[in-house]
Amino acid sequence: MEPLFKNNQAVLAGEVVSQYQFSHEVFGEGFYVVYLRVARLSEAGDVIPILVSDRLVDIQEPVLGRRLEAKGQFRSYNKHEENQNHLILSLFAREVRFLEEDEECQKPNSIYLDGFICKPPVYRMTPLGREIADLLVAVNRAYGKSDYIPCICWGRNARYAGNLPVGTRVSIYGRIQSREYQKKLNDQTVITKTAYEVSISKMESQPFQQMEANQ
């Protein structure tokens with residue numbers, strides 16, 4: 001894998017639950033979104049959008065219900081709508097393959113990120129006393145671009161992350177998850193939306209100043 005992509009590596013495997021939906025075109029290369037249902041240890045599952053090139057798959061082939069493995073980077077971009085910017089997240093696929101009927105994946109949902117905390121972490125307690133921290137991590141990409149990845153952690157990790165200053169370099173291991181939430185519009189209508197984030201299982205940090213000194 002090219003060095004540039006080592007700081008953002010993700011693998012997802014599961015059942016395709018949508019047809020290919022056209023996203024955009026770059027220099028004649030078409031990109032399509034397809035949604036993948038990835039099982040959790042519990043009965044629940046996560047439905048994650050995969051952005052895939054028409055050079056990797058035949059978009060005319062029926063895909064609904066098939067099992068797919070995708071490897072790539074978890075990426076973000078800002079979409080402007082309703083006078084607001086919305087962070088859109090998806091797995092940018094670099095490799096895809098369809099799985100055999102009885103083929104099992106050892107790690108159907110895993111991600112590694114190496115980036116920098118770009119907003120003050122938000123630490124809080126749930127009504128049941130569980131500790132949670134929200135992080136926004138900037139992961140560098142080519143040509144001076146960055147992906148901004150929301151992350152969440154619990155327990156001791158949350159307590160530790162809640163004290164990290166902006167600029168701290170973090171290495172994160174975890175999984176990608178989807179989460180539904182309710183949003184109230186200006187006319188008081190309530191709609192259900194889906195957020196995507198990285199659920200952290202392991203995290204290491206290095207102060208920004210120390211990282212600079214070690215270069």
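Computed over heavy atoms, backbone and side chain alike; hydrogens, waters and symmetry mates excluded.
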Participant: Establish, from distance only, whether the side-chain atoms of Q177 and R175 form a donor-acceptor pair under 3.5 Å.
Facilitator: yes

Participant: Just to verify, what does D102 make a side chain to side chain contact (heavy atoms under 4.5 Å, CB included) with, not counting sequence neighbours?
Facilitator: E100

Participant: Is R97 salt-bridged to E69, going by a charged N under 4.0 Å from an acidic O?
Facilitator: yes

Participant: Is the number of heavy atoms from other residues, nucleotides or ligands under 6.0 Å of Y148 OH greater than 12?
Facilitator: no

Participant: Considering non-hydrogen atoms only, spot the tightest contact between A133 and A161 and give its length.
Facilitator: CB-CB, 4.3 Å

Participant: Under the side-chain hydrogen bond (donor to acceptor under 3.5 Å, both in side chains) rule, collect the residues that match up with S146, sequence neighbours excluded.
Facilitator: N140

Participant: For R75 and L51, indicate whether the former's side chain and the latter's backbone hold a donor-acceptor pair under 3.5 Å.
Facilitator: no

Participant: Can you check whether F74's main-chain N or O pairs, donor with acceptor, with N8's side chain at less than 3.5 Å?
Facilitator: yes

Participant: Ignoring hydrogens and geometry, is there a side-chain-to-backbone donor-acceptor pair from E29 to V26 under 3.5 Å?
Facilitator: no

Participant: Looking at S90 and P49, would you say the former's side chain and the latter's main chain have a donor-acceptor pair under 3.5 Å?
Facilitator: no

Participant: Please answer whether the main-chain N or O of Y173 pairs with a side-chain N or O of S201 as donor and acceptor at a distance below 3.5 Å.
Facilitator: yes

Participant: Please check if the side chain of S23 supplies one atom and the backbone of V33 the other of a donor-acceptor pair under 3.5 Å.
Facilitator: no

Participant: Say whether, by atom type as modelled, one donor and one acceptor occur between the side chain of S18 and the main chain of Y35 under 3.5 angstrom.
Facilitator: yes

